[in-house]
There are 2 protein chains.
Amino acid sequence: MALTRGHIVDAAMGILREYGLADLSMRRLARDLEVQPGALYWHIKNKQDLLTVLAGLILEPVGESVSPRGLALDIRGALLSVRDGAEVVALAWALDPEAPSPLLRLRTLLMGQGLAIGEARWGADALAHYILGAVTQEQTRAGLLRAGLLDGSGTGTDASFEFGLGLFLSGLAATAAGAASG
Amino acid sequence: MALTRGHIVDAAMGILREYGLADLSMRRLARDLEVQPGALYWHIKNKQDLLTVLAGLILEPVGESVSPRGLALDIRGALLSVRDGAEVVALAWALDPEAPSPLLRLRTLLMGQGLAIGEARWGADALAHYILGAVTQEQTRAGLLRAGLLDGSGTGTDASFEFGLGLFLSGLAATAAGAASG
DNA sequence: ACCTGAACACCGTTCAAGT
DNA sequence: ACCTGAACACCGTTCAAGT
């Protein structure tokens, strides 16, 4: 039965959700779809391309929050909802920093906060680094915990994320205020 | 001539500096050292272990700066001085968040800034996420540029790093001031 | 004690050949 | 147009056997 790009993407997302990024290989994907590995390359360019598509799907549920804070929390939620979601998005972002639209939207929102275009870009990038780094660490710890390589004495990840986010936003507010009065 | 742990680490660091993390495989390392791959495992536990040692070496030149700002800049400098340095340290940090000592020192310095122990930990973690994320992106872009997969229109990475760092530090200052007056 | 040889169980990607 | 079969050039890790 006709293999399509859609089937491949669905199966890939399934492996990612259930087994994580380490188990998402092109050969494993082919096995699950009951085709030869080479067949995948008729429908997709390469693995990187596939991961970029997955990154887009992971971020799809992110809504249209009007505050940087709300958007940041939404992005974190979307990343957390897929195993290794942060790592996949970080990879896609590294290869094409203009691709993930919620990250671009972050930039737009910061401009609305009174930052110049250049500063808004830098600020949004810094915030994106923080979000992706923090969630990657959360998900890595979750993975180590599953593997029994860690004792689960994790102190409130929600609170720590919000604290770090608060640091950023209060720094942004101070910078915007300084620019307005300067 | 006697293969030692030191020789392995030196050769590994050599490959990292010259060719980057993607080329640092156990088999390539064995080839360079003119031994069989299995020989490496008499001296080191596994690849992860080796990378942890390299992460320590990368951070070794970081000095004893007394300001969070100075320390952050020193850490960035150390990471930039080795190809894919940020990625290697990020990996080591993910597996053992208490291992890289400059990152722990960051925590200590933040406590000196008037933050409580819990907040200092979260603040230092957030700052570490930012530093590692920002430098990883710089180094990834450098890699893509080398591979000719990117046109080199990079806008001042030093300035953008300092801007993001400033956001953090001004947020920290505000939080510390709030705690002192509250 | 330290290393070789050889294996095990994998990778991503390409491409002639078939249908 | 779409897929198979088979290959190419790799991985990390283990372990009996040699010295």
Side-chain angles (χ1 to χ4, degrees), chain A residues 1-16 18-55 83-84 87-88 90-92 94-96 140 143-144 147-149, chain B residues 1-16 18-55 83-84 87-88 90-92 94-96 140 143-144 147-149:
Chain A
M1 57 178 68
L3 180 65
T4 68
R5 195 179 156 91
H7 293 144
I8 295 174
V9 170
D10 285 356
M13 188 60 105
I15 293 175
L16 190 62
E18 278 198 66
Y19 305 97
L21 187 57
D23 280 36
L24 179 50
S25 70
M26 298 302 276
R27 296 185 101 102
R28 161 72 183 273
L29 191 50
R31 225 181 303 138
D32 284 18
L33 288 164
E34 294 178 285
V35 296
Q36 295 298 315
L40 303 175
Y41 289 85
W42 184 263
H43 301 275
I44 60 163
K45 213 176 112 247
N46 52 35
K47 188 176 181 179
Q48 204 59 257
D49 199 55
L50 178 60
L51 290 177
T52 302
V53 174
L54 293 182
R83 214 178 344 160
D84 296 330
E87 222 170 320
V88 173
L91 262 163
L95 293 176
D96 186 1
T140 300
L144 294 176
L149 300 172
Chain B
M1 58 179 65
L3 180 67
T4 69
R5 194 179 158 89
H7 293 145
I8 295 174
V9 171
D10 285 355
M13 187 59 106
I15 294 175
L16 191 62
E18 277 199 65
Y19 304 97
L21 187 57
D23 280 37
L24 179 49
S25 71
M26 299 300 278
R27 297 183 100 103
R28 161 73 183 271
L29 191 50
R31 226 180 304 140
D32 284 18
L33 289 164
E34 293 179 285
V35 295
Q36 295 298 315
L40 302 174
Y41 290 85
W42 184 262
H43 301 277
I44 60 161
K45 215 176 111 246
N46 52 35
K47 188 177 181 179
Q48 203 59 258
D49 200 54
L50 177 60
L51 290 177
T52 302
V53 174
L54 293 182
R83 188 115 83 116
D84 296 330
E87 222 172 319
V88 172
L91 261 164
L95 293 175
D96 186 1
T140 300
L144 294 177
L149 301 172

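Residue numbering restarts at 1 for every chain, and letters A, B, ... go by the order of the sequence lines.
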Of all the heavy-atom pairs spanning A:A94 and B:L144, show the shortest one and how long it is.
O-CD1, 4.1 Å

Short side-chain N/O contact from A:W42 to OP1 or OP2 of D:dC2, under 4.0 Å:
yes

Is A:H43 near enough to D:dC3 that one of its side-chain N or O atoms lies under 4.0 angstrom from OP1 or OP2?
yes

When rounded to the nearest Å, what value does the distance between P atoms of D:dC10 and C:dA9 take?
23 Å

Find the distance B:L21:CG to D:dC11:P and express it as a whole number of Å.
13 Å

Which letter, B, S or -, goes with each nucleotide of nucleotides 13-19 of chain D from 5' to 3', with contact meaning a protein heavy atom under 4.0 Å?
BBB----

OP1, OP2 of C:dC3 versus side-chain N and O of B:Q36: anything below 4.0 Å?
no

Residues in side-chain hydrogen bond (donor to acceptor under 3.5 Å, both in side chains) contact with B:D10, at least two apart in sequence or another chain
none

What integer distance in Å separates B:R5:CZ from C:dC3:C1'?
18 Å

Round to the nearest Å and state the distance from B:R28 atom CZ to D:dG12 atom P.
12 Å

Please identify which of these residues, B:I44, B:D23, B:L50, B:V35, meets the side-chain contact (heavy atoms from CB on, under 4.5 Å) condition with B:L29.
B:L50

Which sits closer to the 5' end of DNA chain C, A:L24 or B:V35, going by the nucleotide each is nearest to?
B:V35

Looking at A:R31, does any N or O in its side chain come under 4.0 Å of the phosphate oxygens OP1/OP2 on C:dA9?
no

Drop me the distance from B:N46's CG to B:L40's CG, to the nearest 0.5 angstrom.
11.5 Å

Mind checking who C:dA16 pairs with, Watson-Crick or G-U wobble, both distances under 3.5 Å?
D:dT4

Between B:R83 (side chain) and B:L21 (backbone), is there a donor-acceptor pair under 3.5 Å?
no

Quickly work out the B:I44 CD1 to C:dC2 P distance and round it to whole Å.
15 Å

G-U wobble or Watson-Crick pairing nucleotide for C:dC11 (cut-off 3.5 Å, both distances):
none

In terms of heavy-atom contacts, B:L24 and B:K47 come closest through O-NZ, 3.0 Å

Donor-acceptor check, side chain of B:H43 to backbone of B:L3, threshold 3.5 angstrom: yes or no?
yes

Nucleotide C:dT4, atom P - distance to CG of B:L33 in whole Å:
11 Å

